[in-house]
Engineer: 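Here's a structure for you.
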Amino acid sequence: MESAELLQRESFVEKNARQRVQHLVDAGTLRELLDPFERLSSPWLGLQDIVTQADDGVVIARGKIDGVAVVVAAIEPAFQGGSMGEVGGAKIAGALELALEDARAGKPVVPVLLLETGGVRLQEANCGLAAIAEIHAAIVALRAHVPVIGVISGPVGCFGGMSIAAGLCSTLIATREARLGLNGPQVIEQEAGVDEFDSRDRPMIWSLTGGAQRHACHLVDKLCDDDAAEIRTAIARAVAQPVADLPRTQAVDAHLAQLRSLDTSRRADAEWARQVMAHDIHGAGDPS
Amino acid sequence: MQRLSLDYPAGEPAAQRALAGVVGSGDLEVLLEPAQSGRSTVAITTSVDGVNDIWTAVIDRIFADTDQPAVALEINDFGATPAVVRLRIAQAMEQAASGQGSA
Amino acid sequence: MSATDHVSRGATWLAALTDNASKAKGFPASVQVVDAPLGELPARYIAVVPDTDNAYPRAAGGEVGLVEGWALAKAVRDIVAADAGNEHKRAVVAVIDVPSQAYGRTEEAFAIHQALAAAAEAYAAAREAGHPIVGLIVGKAMSGAFLAHGYQANRLIALDDAGVQVHAMGKQAAARITQRTVEGVEKLAETITPMAYDIASFDKLGLLFARLSIGDADKPDANDLRQVRTTLDKAVADIGDDDSLASRLDAEGRAASVKVRERLRAQWAGD
């Protein structure tokens with residue numbers, strides 16, 4: 001890309017959660033729910049001498065994207081690593097549950113989830129985990145009625161129980177600045193040892209879990225540059241899609257057969273993962 | 001973590017509420033709401049201990065002009081420098097005055 | 001698994017609750033699936049168990065790994081498909097004793113998050129299809145492993161025992177990530193309910209249908225089994241037509257979860 005083009009490009013990654021929502025939603029349609037002045041902050045962080053954010057790091061907004069009714073849930077990457085606490089988790093789960101009620105009543109609202117999160121906020125551990133289970137439940141139920149769109153733009157990426165939520169989305173959009181994985185590098189190193197996973201080996205980590213790799217492996221549907229306009233276009237296209245099956249979670253036998261065929265004594269690398277996962281297990285053809 | 005409350009003489013109530021910043025490393029969140037005329041309050045929660053004097057000096061200067069709109073500021077700080085503190089408060093004040101503050 | 005291996009609680013309870021009925025074929029050794037009655041009606045019991053010969057070594061200790069995630073999905077989806085035309089949907093009992101998800105390079109490379117998503121979705125879809133799902137926590141119910149195996153159940157039952165723990169992360173790793181010492185994590189867990197590992201604290205969050213004091217969680221006797229079976233029956237009866245997780249939202253311990261939903265609902269439609 002030419003440097004002039006780069007300079008003109010508006011970064012999505014550099015926006016905070018509220019700015020991201022404002023960028024995505026059609027002008028004049030945005031209505032934030034439980035905004036910071038409602039002061040629904042974490043009841044648990046203050047008890048541990050940790051400063052709270054007034055919206056607990058989650059922005060919920062209703063509005064339209066190219067005329068389609070949406071509810072956007074955006075996680076603030078800068079606050080506590082985008083971690084899911086009780087309030088932020090309940091905001092997302094609650095919004096999805098209300099969208100489900102509306103969908104069942106014939107008033108479809110398409111959820112758009114900006115998943116910028118390390119997973120459970122360990123200072124609220126079991127409350128975060130419970131909320132994530134509720135988010136999973138709502139996404140699965142919603143997919144019978146509307147597409148559910150996940151976006152992982154970076155800089156935090158999407159990990160822990162929320163990576164499972166990403167895996168449940170109808171359409172998953174990511175940038176090259178994003179990573180997607182169940183376990184964070186530090187945790188894998190802690191649990192499995194530095195020989196298994198060196199949390200300082202950034203090239204290895206990015207090669208396995210970066211957005212481009214996940215796209216090549218059919219785990220991400222659309223790879224975008226860090227370009228706010230391009231990301232918005234991708235989301236607008238996704239929210240207008242009809243409801244469809246999701247082979248990524250449903251093609252059980254094919255995935256089990258694939259796993260049985262792997263030589264697990266071999267040390268996994270990005271190239272091998274691409275070879276194995278790039279073929280058409282998901283019924284989606286080549287990555288677009 | 002430390003808490004600090006300050007108040008200052010002020011003019012008429014601010015036009016509307018406003019928000020600036022996030023509670024991220026080296027940053028802070030400012031929630032601005034109109035207050036009753038004549039008095040502004042500032043409630044600070046900061047992750048950094050032992051810096052009350054610096055906060056007081058920074059905020060005193062911002063509110064030195066007693067004709068400014070009356071506001072209730074809530075500040076949630078995660079280690080912002082005085083320059084960032086001044087920037088965020090100025091952003092909130094500007095939004096509150098410009099009619100673009102309310103989410 | 002070889003005869004010398006310690007038999008996991010998951011395997012012990014699965015065998016005991018099903019009177020040692022034979023295991024369904026077509027599943028890996030680490031995912032045991034048994035079709036056996038629950039009360040008068042047929043049901044499917046599922047447990048993830050250690051398998052020292054697991055081809056994926058990071059899942060050898062009863063962790064939920066790549067194969068386990070997809071095999072759980074299969075175990076649940078198979079009966080949803082089989083019961084699709086039937087009015088009666090079989091109950092599923094997830095016998096939960098999972099120390100963690102599998103941590104490893106192979107696991108990340110081949111998308112363990114997607115395997116766990118497949119499992120969570122299968123359970124959720126079964127619940128939506130009218131299958132009563134009960135999670136019975138007999139050992140550890142940790143983090144991603146629990147999300148994949150049990151946390152989508154309509155009702156959760158736990159044994160009231162020191163070996164029964166629910167958490168988002170092991171203590172060592174939690175200490176490292178939050179930049180605390182293990183002692184520091186333990187100290188906080190005493191006062192911050194959701195940070196605690198013990199099941200009594202978890203119960204305060206309102207997430208359990210029942211917490212059962214039994215004789216021996218490692219070697220259940222006839223009394224223990226009778227008590228657990230009775231509670232499983234009660235849970236299925238309590239589920240009725242409820243296909244949601246809403247019954248988890250009634251405790252003081254998660255007051256904020258309730259308040260957030262109430263306030264969201266009030267603002268949802270706008271006016």
Side-chain angles (χ1 to χ4, degrees), chain A residues 31 33-34 38 40 43-44 47-48 60 86-87 90-91 94-95 98 120 122-134 136-137 140-141 160-161 163-164 166-168 180-183 186-188 190-192 196-197 208-209 217 219 248-249 252 255-256 259 264 267-268 273 276-277, chain C residues 55-56 58 66-67 70-71 73-74 77 100-101 103-114 116-118 120-121 124-125 128 143-144 146-147 151-152 166-170 172-174 176-178 188 191-192 194-195 202 205 207 245 248 254 256-257 260-261 263-265 267-268 270:
Chain A
R31 188 164 62 85
L33 310 181
L34 303 188
E38 300 275 325
L40 282 167
W44 305 107
L47 300 174
Q48 299 170 59
I60 304 289
E86 180 177 10
V87 168
K91 285 170 81 170
L98 288 161
V120 171
L122 292 173
Q123 293 86 354
E124 310 185 24
N126 273 327
C127 284
L129 197 66
I132 288 173
E134 287 154 356
H136 294 167
V140 173
S163 71
I164 299 173
L168 294 170
L180 168 63
L182 182 67
N183 300 303
Q186 281 191 321
V187 185
I188 304 174
Q190 175 75 37
E191 299 288 343
E196 174 78 13
F197 209 94
L208 292 180
T209 62
C217 294
L219 298 158
R248 197 148 59 216
T249 60
V252 174
H255 280 96
L256 279 169
L259 291 168
T264 57
R267 193 170 176 85
V276 171
M277 302 178 82
Chain C
Y56 291 79
R58 294 285 161 201
L66 289 161
V67 170
W70 285 106
K74 178 176 164 57
R77 284 197 181 275
S100 69
Q101 62 269 34
Y103 297 98
R105 183 184 291 224
T106 303
E107 281 69 23
E108 294 305 317
F110 293 99
I112 184 173
H113 72 281
Q114 200 61 57
L116 302 200
E121 173 165 325
E128 301 258 324
S143 194
F146 185 28
L147 291 172
Y151 227 161
Q152 287 302 318
V166 184
H167 210 271
M169 196 179 276
Q172 302 276 352
R176 177 171 175 179
I177 302 298
T178 57
L188 274 169
T191 53
I192 311 288
M195 282 188 71
F202 184 76
L205 302 175
L207 296 159
L245 304 182
R248 295 178 189 173
R254 279 213 306 163
S257 300
V260 164
R261 282 173 169 83
R263 306 248 303 251
L264 255 183
R265 181 177 292 281
Q267 294 184 6
W268 180 254

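Convention: sequence-line order gives letters A, B, ...; per-chain numbering from 1. Since the structure is predicted, the reported quantities are computational estimates derived from the model, not experimental observations.
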Engineer: Indicate whether any N or O donor in one side chain lies under 3.5 Å from an N or O acceptor in the other, for Asn183(A) and Glu107(C).
Structural biologist: no
Engineer: Test your reading of the model: is there a side-chain donor-acceptor pair from Thr249(A) to the backbone of Ala118(C), 3.5 Å cut-off?
Structural biologist: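 Side chain of Thr249(A) to backbone of Ala118(C), a donor-acceptor pair under 3.5 Å: no, none is there.
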Engineer: Gly170(C), Ser100(C), Ala71(C), Gly144(C): which one forms the most heavy-atom pairs within less than 4.5 Å of chain A?
Structural biologist: Ala71(C)
Engineer: For chain A, find which of Ala120(C), Ala111(C), Ala125(C) contributes the most heavy-atom pairs closer than 4.5 angstrom.
Structural biologist: Ala111(C)
Engineer: Heavy-atom distances under 4.5 Å only: say whether Phe110(C) touches chain A with side chain, backbone, both or neither.
Structural biologist: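 Contact with chain A involves both backbone and side-chain atoms of Phe110(C).
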Engineer: Taking atom CZ of Arg31(A) and atom CH2 of Trp268(C), what is their separation to the nearest 0.5 Å?
Structural biologist: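 Arg31(A) CZ to Trp268(C) CH2: 8.5 Å, rounded to 0.5 Å.
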Engineer: Under a 4.5 Å heavy-atom cutoff, which of Val187(A), Leu129(A), Ile188(A), Leu168(A) has the most pairs with chain C?
Structural biologist: Leu129(A)
Engineer: If you count heavy-atom pairs under 4.5 Å with chain A, which of Ile177(C), Leu147(C), Thr106(C) comes out on top?
Structural biologist: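 Most pairs with chain A among the choices: Leu147(C).
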Engineer: Under a 4.5 Å heavy-atom cut-off, does chain A meet the side chain of Leu264(C), its backbone, both or neither?
Structural biologist: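 The answer is both parts of Leu264(C).
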Engineer: By a 4.5 Å heavy-atom criterion (distance strictly below it), what part of Leu122(A) contacts chain C: side chain, backbone, both, or neither?
Structural biologist: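 Both parts, backbone and side chain.
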Engineer: Give a yes or no answer on whether the side chain of Tyr56(C) reaches the backbone of Leu259(A) with a donor-acceptor pair at less than 3.5 Å.
Structural biologist: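 Flag set: sc Tyr56(C) to bb Leu259(A) pair under 3.5 Å.
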Engineer: For the candidates Ile132(A), Leu47(A), Val140(A), Leu208(A), which exhibits the highest count of non-hydrogen atom pairs separated by less than 4.5 Å from chain C?
Structural biologist: Val140(A)
Engineer: Tell me, out of Ala174(C), Ala73(C), Ala55(C), who's got the most heavy-atom pairs with chain A below 4.5 Å.
Structural biologist: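 Heavy-atom pair counts peak at Ala55(C).
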Engineer: Once you measure the plane-to-plane angle for Trp70(C) and His255(A), does it fall in the parallel (<30°), tilted (30-60°) or perpendicular (>60°) bin?
Structural biologist: parallel
Engineer: Taking only Lys NZ, Arg NE, NH1 and NH2, and the carboxylate oxygens of Asp or Glu, determine whether Lys91(A) and Glu38(A) approach each other closer than 4.0 Å.
Structural biologist: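 Glu38(A) and Lys91(A): not salt-bridged.
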Engineer: Between Glu128(C) and chain A, which part of the residue has a heavy atom less than 4.5 Å away: side chain, backbone, both or neither?
Structural biologist: side chain
Engineer: Find the one option among Ala273(A), Ala133(A), Ala95(A), Pro43(A) whose heavy-atom pairs under 4.5 Å with chain C are most numerous.
Structural biologist: Ala133(A)
Engineer: Please identify, among Ile192(C), Thr191(C), Val67(C), Leu66(C), the residue contributing the most non-hydrogen atom pairs under 4.5 Å to chain A.
Structural biologist: Ile192(C)
Engineer: I'd like to know which of Leu33(A), Ile60(A), Thr209(A), Val120(A) tops the heavy-atom pair count under 4.5 Å against chain C.
Structural biologist: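 That would be Leu33(A).
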Engineer: Please evaluate residues His113(C) and Gln101(C) with respect to the criterion side chain to side chain contact (heavy atoms under 4.5 Å, CB included), reporting the C-alpha separation (whole Å), side-chain torsions for both, the decisive distance (0.1 Å), and the verdict.
Structural biologist: CA-CA 10 Å; His113(C) 72 281; Gln101(C) 62 269 34; over 6 Å; no
Engineer: Where do Gly161(A) and His136(A) come nearest, in terms of heavy atoms and distance?
Structural biologist: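 In this case the closest contact between Gly161(A) and His136(A) is O-NE2, 2.8 Å.
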Engineer: Under 4.5 Å heavy-atom distance to chain A, tell me which part of Gln267(C) shows up: side chain, backbone, both or neither.
Structural biologist: both
Engineer: Which region of Glu108(C), side chain (C-beta onward) or backbone (N, CA, C, O), has a non-hydrogen atom less than 4.5 Å from a non-hydrogen atom of chain A, or is it both or neither?
Structural biologist: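 Both parts, backbone and side chain.
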Engineer: Select one option (side chain, backbone, both, neither) describing which atoms of Arg77(C) are under 4.5 Å from chain A's heavy atoms.
Structural biologist: side chain
Engineer: Considering only NZ, NE, NH1 and NH2 on the basic side and carboxylate oxygens on the acidic side, decide whether Arg254(C) and Glu124(A) come within less than 4.0 Å.
Structural biologist: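 Looking at Arg254(C) and Glu124(A), the cut-off is not met.
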Engineer: Answer with side chain, backbone, both or neither: which region of Leu205(C) has an atom nearer than 4.5 Å to a non-hydrogen atom of chain A?
Structural biologist: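 The side chain, not the backbone.
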Engineer: Counting only heavy atoms closer than 4.5 Å, note whether Val252(A) contacts chain C via side chain, backbone, both or neither.
Structural biologist: both
Engineer: Are Glu196(A) and Arg58(C) close enough for a salt bridge, meaning some N to O gap below 4.0 Å?
Structural biologist: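 Yes.
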Engineer: Using a cut-off of under 4.5 Å on heavy-atom pairs, state which of Leu98(A), Leu180(A), Leu40(A) scores highest against chain C.
Structural biologist: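 Maximum pair count with chain C is reached by Leu98(A).
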Engineer: Could you tell me whether the side chain of Leu245(C) reaches within less than 4.5 Å of the side chain of Gln152(C), counting heavy atoms only?
Structural biologist: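 The answer is yes; the side chains approach within 4.5 Å.
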Engineer: Would you check if the side chain of Arg261(C) reaches a backbone N or O of Ser257(C) as a donor-acceptor pair within less than 3.5 Å?
Structural biologist: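 Answer holds: yes.
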Engineer: Among the options Ala166(A), Ala141(A), Ala131(A), Gly128(A), pick out the one with the most heavy-atom pairs lying under 4.5 Å from chain C.
Structural biologist: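 Highest number of heavy-atom pairs under 4.5 Å: Ala141(A).
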Engineer: For the backbone of Gln123(A) and the side chain of Gln48(A), can you confirm whether one donor and one acceptor N or O come within less than 3.5 Å of each other?
Structural biologist: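 Yes, Gln48(A) side chain to Gln123(A) backbone: donor-acceptor pair under 3.5 Å.
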Engineer: In terms of heavy-atom proximity below 4.5 Å to chain A, should Leu207(C) be classed as side chain, backbone, both, or neither?
Structural biologist: side chain
